[in-house]
2 protein chains.
Amino acid sequence: MVEKKGSILTVREDIKVFDCTIRDGGLVNNYHFTDEFVKALYETCVAAGVDYMEIGKNVSPTVMSEEEYGAWNFCKEADIRKIVGENNTSLKIATMADVGRTIKEEIPPKSESVVDMIRVATYIHQLPEAIELIEDFHAKGYETTCNIMAISKSFDDELDQVLETLSKTNVDVIYIADSFGSFYPEQINKLTAKYLGAAKPVGKKVGIHAHNNLTLAYANTLEAMIYGTSYLDVTVSGLGRGAGNCAMELLLGFLKNPKYKLLPVLKFIETHIVPLEKELDWGPSVPYILTGHLNEHPRPAMKARDEGDTQYVKFYNKLTEEYS
Amino acid sequence: MVEKKGSILTVREDIKVFDCTIRDGGLVNNYHFTDEFVKALYETCVAAGVDYMEIGKNVSPTVMSEEEYGAWNFCKEADIRKIVGENNTSLKIATMADVGRTIKEEIPPKSESVVDMIRVATYIHQLPEAIELIEDFHAKGYETTCNIMAISKSFDDELDQVLETLSKTNVDVIYIADSFGSFYPEQINKLTAKYLGAAKPVGKKVGIHAHNNLTLAYANTLEAMIYGTSYLDVTVSGLGRGAGNCAMELLLGFLKNPKYKLLPVLKFIETHIVPLEKELDWGPSVPYILTGHLNEHPRPAMKARDEGDTQYVKFYNKLTEEYS
């Protein structure tokens with residue numbers, strides 16, 4: 001059992017609010033956000049006192065098509081600078097590297113980039129390649145994280161091995177990522193203990209990236225935070241793949257540090273999210289509850305939502321059939 | 001600190017799943033549910049292994065208008081029997097009494113009713129009258145609960161006094177009711193300890209009725225359950241006042257007791273909730289987050305939703321002005 005860190009009224013200086021609206025939201029619209037939207041979000045994050053903004057992925061244009069995906073799937077330096085200029089603010093800029101899709105030779109040294117942090121998303125079996133990326137980015141001068149995906153499917157003591165291995169690298173933050181939105185607060189509690197056990201002795205921090213399939217993204221984020229997780233991923237109005245993420249407006253309303261401001265986020269929601277809700281579909285619904293319960297990838301649920309399929313009994317029977 | 005009761009894989013025989021779809025959902029549509037809807041829900045609850053179904057309120061027709069409110073605000077014996085007949089099932093039927101609106105002389109003895117339980121909803125200042133109702137219903141042969149409302153606004157040690165007083169009555173279950181949807185799991189944990197401290201030594205059970213303003217209804221229900229709360233209020237798809245309640249389909253997917261079945265609930269959702277979602281508005285949204293954060297009654301948020309008002313900055317400024 002881990003110990004609580006602070007109380008419900010404490011200001012925790014280690015907390016970092018990490019916005020990933022564009023990066024996770026881009027999975028809903030293939031990164032086709034307008035510059036106006038991204039710029040308004042950037043200004044919102046600055047005004048709200050958010051610590052990091054992940055502006056997209058740094059996938060190589062040689063791997064994925066620039067016809068199919070918008071600019072924020074690639075995060076070219078010139079595109080980022082169009083939004084943030086020299087970024088003379090206290091908000092740090094992050095991008096996400098996908099193992100197998102990011103080519104490290106294309107990533108400039110930090111001295112030539114406004115990006116402060118690169119997060120490396122990896123499946124367990126890709127760990128050696130993820131570490132290669134992490135060490136390359138670290139050597140180039142970036143802060144780095146490792147976001148280990150799909151851990152709810154990890155076998156036996158694989159996850160312990162992964163954490164042990166990562167503790168010996170130069171990565172700064174190790175992320176608990178609830179890729180299938182299937183974890184309960186009790187399980188997040190145990191994972192927090194496990195991750196901190198590996199990270200804390202070597203001076204690394206732990207982060208949490210929650211999904212809302214079981215409507216537990218906020219609760220799981222709070223649970224992880226209470227027990228010592230520092231980096232807290234949020235997106236405005238939970239915008240993100242499938243059931244979405246922990247909502248920034250929920251978390252900022254909870255945090256007691258006066259540097260965080262809610263009003264700029266409300267302004268962004270009424271101006272930019274309200275119209276977007278008419279175009280894009282995200283957030284909790286029955287299909288995501290079912291894939292979450294079954295600890296399955298939300299892919300079939302996303303398909304059902306796309307098709308407006310509300311035959312939930314059939315959907316559930318099909319999902320559970322796959323097990324037999 | 002309270003102890004955990006069971007583990008994430010345990011079957012807890014003390015757990016009672018309590019459906020209050022009609023009673024809390026009736027606050028959204030003034031209890032104008034069709035008999036077909038109520039009957040289908042009843043059959044769903046039976047098939048799903050749900051323990052109790054609260055079929056409405058037993059308000060006196062001399063107090064509220066039968067023109068304005070549907071049958072389930074009054075729960076006349078004949079109306080209930082139209083749905084449940086003699087109710088020869090393992091599902092128990094409950095109604096809710098409102099202090100000041102239910103007239104105890106109108107409630108028949110249990111021997112003349114298919115109702116098994118009457119829940120008494122009370123504000124702290126109404127407690128003596130609530131106890132009068134509880135003792136009357138108990139003497140008539142009903143199971144009883146006391147649902148203490150708006151406790152997040154209770155002053156100083158008022159709540160301790162209330163619990164101490166209730167522990168000396170014949171009430172069977174004492175409910176933690178999160179009327180404003182403003183509690184965090186940490187607080188629910190402490191409340192669970194407090195309520196169990198009063199209830200357990202005298203052989204009473206504790207229940208939880210959560211609201212979803214901060215998207216924490218399910219998480220709070222799980223937290224209360226894990227630490228020993230037995231009666232768990234749910235509504236299908238969270239149907240209920242404002243941001244709604246803990247969803248039955250979420251809870252049933254978690255509980256390990258094989259007597260609970262999810263499929264009948266999915267069937268009910270696709271047949272009866274999907275069309276209802278086009279008519280009625282409930283569930284989490286920004287205005288409820290804001291009243292939840294501020295520990296305020298959701299009334300202004302309900303008004304904003306009714307009017308389709310998405311000017312969240314203005315809404316928030318108005319809410320916070322009231323404090324000055």
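A quick note: this is a predicted structure, and the numbers were derived from the prediction, not measured. A, B, ... follow the sequence lines: proteins, then strands. Residue 1 opens every chain.
Heavy atoms of other residues, nucleotides or ligands lying less than 6.0 angstrom from CD of Glu36(A) number 12 at most. Summarising the local packing, NZ of Lys190(A) is surrounded by 12 or fewer heavy atoms from other residues, nucleotides or ligands at distances under 6.0 Å. Enclosure of atom NZ in Lys303(A) is not indicated, since only 12 or fewer non-hydrogen atoms of other residues, nucleotides or ligands lie within 6.0 angstrom.
Heavy atoms of Val313(A) lying under 4.5 Å from chain B belong to its backbone as well as its side chain. Interface remark: Phe315(B) contributes no atoms to any contact with chain A (heavy atom separation under 4.5 Å). Both the backbone and the side chain of Leu250(B) come within contact range of chain A, with heavy atoms under 4.5 Å apart. Only the side chain of Val286(B) has a heavy atom closer than 4.5 Å to any heavy atom of chain A.
With values rounded to the nearest 0.5 angstrom, Leu290(B) atom CG is found 8.5 Å from Glu249(A) atom CD. In this structure, CD1 on Ile269(B) lies 10.5 Å from OG on Ser285(A), to the nearest 0.5 angstrom. Between the NZ atom in Lys267(A) and the NZ atom in Lys314(B) there is a gap of 10.0 Å [rounded to 0.5 Å]. One finds the CG atom of Leu266(B) at 9.0 Å from the CG atom of Asn317(A) (value rounded to the nearest 0.5 Å).
Taking chain A as the reference chain and counting heavy-atom pairs below 4.5 Å, the highest number among Ile226(B), Thr215(B), Ile8(B), Asn220(B) is found for Ile8(B). Note on Pro284(B), Ser7(B), Gly253(B): by heavy-atom pairs under 4.5 Å with chain A, the leading option is Gly253(B).
At a threshold of 4.5 Å between non-hydrogen side-chain atoms, the residues Phe268(A) and Tyr312(B) do not count as touching. Residues Leu216(B) and Leu216(A) are not in side-chain contact: their nearest non-hydrogen atoms beyond the backbone lie 4.5 Å or more apart.
Taking a cutoff of 4.0 Å between a charged side-chain nitrogen and a carboxylate oxygen, Glu186(A) and Lys4(B) qualify as a salt bridge.
Pairing each heavy atom of Tyr218(A) with each of His293(B), the nearest pair is OH-NE2, 4.2 Å.
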